[in-house]
Amino acid sequence: MAPLDNLAVARILSDIGDMLELKGENPFKIRAYRNAADSVANNPEPVAGVDADGLRKWPGIGKDLSAKIIEICQSGSCLIHQELMAHFPPTLLDLLRLQGVGPKTVALLYNELRIASLEDLEAAATSGRLRELKGMGARKEALLLHALEERKRHANRHLLADAADTADKLVEYLQARVPEVAFETVGSVRRGSETCGDIDVLASGSSTDLMGIFTSYHLVERILGRGDTKSSVLIRGGYQADLRLVGPESRGAALQYFTGSKQHNIALRDRALERGLRLNEYGLYRASDETRLGGDTEDGIYEALGLSWIAPELREHRGELESAAEHRLPELLQWSDLRGDLHMHTTETDGKDDLETMVLAARDQGLEYIAITDHSKALAMANGLDETRALAHAARIRDLNRRIDGIHVLAGIECDILADGSMDLADDCLAELDLVIASVHSALRQDESEMTARMVRAIENPYVDIVAHPTTRALLRREPSKVNVDQLARAAAAHGVALEINCQIDRLDLSDVNARLARERGVKLVISSDAHSRRALAVKKWGVVVARRAWAAKQDVLNTLPFEEFRASLRRNRTPQALQA
DNA sequence: GCCGTTTTCGGCCCGACTGTTTTCAGTCG
């Protein structure tokens with residue numbers, strides 16, 4: 001059996017937590033399983049290769065869970081998991097993920113009516129049998145039917161870029177109508193999570209008609225709840241949006257609180273408690289006498305807890321509190337640091353805009369240099385280039401580069417890594433170009449050893465400068481390939497090959513966790529748009545978010561360098577010794 | 001089930017809203 005990856009192990013731990021909750025177990029035991037699931041999911045090190053002593057160093061994993069995790073890695077399950085699976089039908093967990101349904105309700109439905117699946121629930125709600133149950137009235141029944149219908153209609157996660165766009169429009173609507181209140185997007189959108197479940201907006205100030213204005217937003221499909229300080233709605237496209245209103249004196253505390261993440265907030269509150277303080281969305285208080293110590297600004301909260309201000313992108317409980325306590329958080333990369341874009345396409349292959357249009361658009365965007373990197377011949381569907389066309393295209397790019405002012409244009413290629421790890425174009429062709437990106441577009445389902453060996457072989461080709469979208473994932477659509485990112489990063493570091501953070505909004509590949517791992521292994525990152533049109537050049541903003549979530553500073557990213565330094569830093573332009581390495 | 005510079009036992013984040021309740025349990029974030 002292939003070893004389970006971290007997400008698979010985390011899923012089992014989290015399922016155990018859910019099923020323990022259905023049994024009405026000790027809530028802290030349940031939390032322990034969920035914390036362990038988060039810990040495994042967020043750790044870049046492959047869990048299958050870690051021994052018990054190593055696991056016990058991971059946060060939230062002790063003697064008991066380290067043994068269970070090893071059992072899961074070896075057998076795909078563990079005793080308690082199997083016992084619970086025998087006790088509950090697997091479809092029961094689907095019910096738990098319905099809006100408005102928690103463990104108590106699921107237990108009630110199952111114990112009283114043997115409702116074990118979404119289909120069972122729909123049948124029971126439709127036939128009116130639900131109302132036999134204590135605490136189930138007509139409204140609750142309607143709510144469940146709504147939730148079932150919405151489950152069918154919407155996936156409940158959204159790409160970051162889409163969620164951010166929806167949030168921006170909502171905030172713009174609110175701000176225009178209630179100018180005396182300050183609105184800010186908080187939650188996972190503010191943290192820059194690659195996918196977002198809902199949209200959280202914080203309003204600070206004072207307004208009596210705000211909630212009415214919110215719930216009458218023209219994109220609202222359904223009002224989930226409405227109060228004086230908190231309301232929730234479903235808006236078109238399957239987004240849940242939550243609005244919270246606090247007084248201006250609580251803006252900072254509320255920004256902090258509603259930005260999360262949950263794990264970050266729990267840890268922050270722990271820290272407050274250790275200091276005899278109490279933190280909530282209204283402020284920071286001394287526990288003994290309720291004296292208010294802060295809450296009007298966010299950095300004031302962190303400062304009062306002995307911490308540097310922590311950028312929202314870092315608030316994932318991945319060591320940020322410890323670093324902030326020692327005032328050694330990295331100075332994170334900023335959008336304005338980017339000087340180049342090393343991955344884009346033209347009409348020569350599958351781009352929508354021609355060479356000159358792309359170059360002029362990049363110059364308009366303020367870029368100092370770019371690389372044109374059309375596809376190679378293996379991607380026949382995209383009209384990929386063979387050696388002859390690649391060199392002719394390069395000649396045109398260099399000619400344009402000579403004629404145009406204000407931007408440097410490199411003649412590059414995005415060359416396919418074939419299934420055996422060889423390159424799709426001959427070495428003497430690759431050697432003629434200014435920059436070579438290598439990437440995988442086929443045979444995505446190879447097993448881990450095959451895929452890893454394939455990509456390492458590509459890295460060993462002396463003409464490869466950058467590996468693009470290293471895991472080939474498509475968010476909400478396609479799982480990442482099984483490449484071992486740790487081994488990939490070690491090979492890239494050893495050969496001086498950079499790894500890309502691809503900024504296409506459904507790729508964001510490397511991910512935050514993987515980019516951080518690569519950086520820690522000594523790999524330089526590049527942030528590139530992979531634009532197939534002039535408009536798509538702007539997606540680099542999302543790559544900057546990913547890099548920040550990977551704790552990257554300016555010096556970790558090659559395309560922050562001035563042009564000449566960037567060129568000199570490319571693997572092909574370094575010493576001959578480096579080429580032979 | 002985890003965790004520890006007040007602890008190896010006794011803690012473990014906290015408040016708003018809904019629905020079905022007459023004082024609160026369940027859910028959510």
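Order of the sequence lines sets the chain letters (A, B, ...), proteins ahead of strands, with each chain counted from 1. This structure is a prediction, so every number in the text was calculated from the model and none was measured.
To the nearest 0.5 Å, the span separating OG1 on A:T208 from CD1 on A:I213 amounts to 8.5 Å. Rounding to the nearest 0.5 Å gives a distance of 4.5 Å between CZ of A:R548 and CG of A:L332. Between the OH atom of A:Y217 and the CG atom of A:L170 there is a distance of 5.5 Å, given to the nearest 0.5 Å.
For the 3.5 Å distance criterion, the side chains of A:R190 and A:T259 qualify, holding a donor opposite an acceptor. In this model, no donor atom of one side chain and acceptor atom of the other lie less than 3.5 Å apart for A:Q504 and A:D509.
Nearest-nucleotide positions on DNA chain B place A:D228 closer to the 5' end than the other of A:D228 and A:A138. Both A:G137 and A:Y33 sit near DNA chain B, but only A:Y33 has its closest nucleotide nearer the 5' end.
Between A:H264 and A:Y302, the angle of the ring planes lies from 30° to 60°, which puts this pair in the tilted group.
Taking the C1' atoms as reference points, B:dC24 lies 9 Å from B:dT20, given to the whole Å. Nucleotides B:dG10 and B:dA16 have their C1' atoms positioned 29 Å apart, rounded to a whole Å. Nucleotides B:dC3 and B:dT8 place their C1' atoms 9 Å apart, quoted to the nearest Å. Rounded to whole Å, the P atom of B:dC9 lies 16 Å from the corresponding atom of B:dT5. Taking atom P on both nucleotides, B:dC28 is separated from B:dT22 by 22 Å, rounded to a whole Å. Here the separation of B:dT21 from B:dG26, taken at their P atoms, is 13 Å to the nearest Å. As rounded to the nearest Å, B:dT7 and B:dG11 have C1' atoms that lie 9 Å from one another. Distance noted for atom P between B:dT18 and B:dC13: 26 Å (whole Å).
Contacts of A:S231 with the nucleic acid, taken as non-hydrogen atoms under 4.0 Å apart, are absent. Nucleic acid contact for A:E25: none, since no nucleic acid atom lies under 4.0 Å from a heavy atom of the residue.
For B:dT7, the glycosidic angle deviates from 0 by 90° or less, giving a syn base.
Salt-bridge annotation for A:K29 and A:D64: absent, with no side-chain N of the basic residue lying under 4.0 Å from a carboxylate O of the acidic one. Using a cut-off of 4.0 Å between Lys/Arg side-chain N and Asp/Glu carboxylate O, A:R191 and A:D200 are scored as not salt-bridged. Using a 4.0 Å cut-off between a side-chain N of Lys or Arg and a carboxylate O of Asp or Glu, A:K57 and A:D53 do not qualify as a salt bridge. Salt-bridge check for A:R516 with A:E316: failed, with every basic side-chain N at 4.0 Å or more from each acidic carboxylate O. By the 4.0 Å N-to-carboxylate-O rule, A:R34 lies too far from A:D38 to be salt-bridged with it.
DNA chain B lies under 4.0 Å from at least one heavy atom of each of the following residues of residues 92-113 of chain A: A:L98, A:Q99, A:G100, A:V101, A:G102, A:P103, A:K104, A:T105. Shown for residues 261-299 of chain A: residues whose heavy atoms fall under 4.0 angstrom of DNA chain B, namely A:K262, A:I266, A:R269, A:D270, A:R278, A:N280, A:E281, A:Y282. For DNA chain B, no neighbouring residue in residues 201-211 of chain A is found when judged by any heavy atom under 4.0 Å.
For residues 267-279 of chain A, the side-chain hydrogen bond (donor to acceptor under 3.5 Å, both in side chains) pairs, not counting sequence neighbours, are A:R278-A:E290. The side-chain hydrogen bond (donor to acceptor under 3.5 Å, both in side chains) pairs that include a residue from residues 5-14 of chain A are A:R11-A:D15, where partners are two or more places apart or lie in different chains.
Judged by distance alone, with hydrogens and angles left aside, the side-chain atoms of A:R244 form no donor-acceptor pair with the main-chain N or O of A:K230 at under 3.5 Å.
Across every strand in view, B:dT8 sits unpaired, with no contact that passes the Watson-Crick or G-U test at under 3.5 angstrom.
Note that the first and last nucleotides of DNA chain B, 5' to 3', having any atom under 4.0 angstrom from a heavy atom of chain A are B:dG1 to B:dG29.
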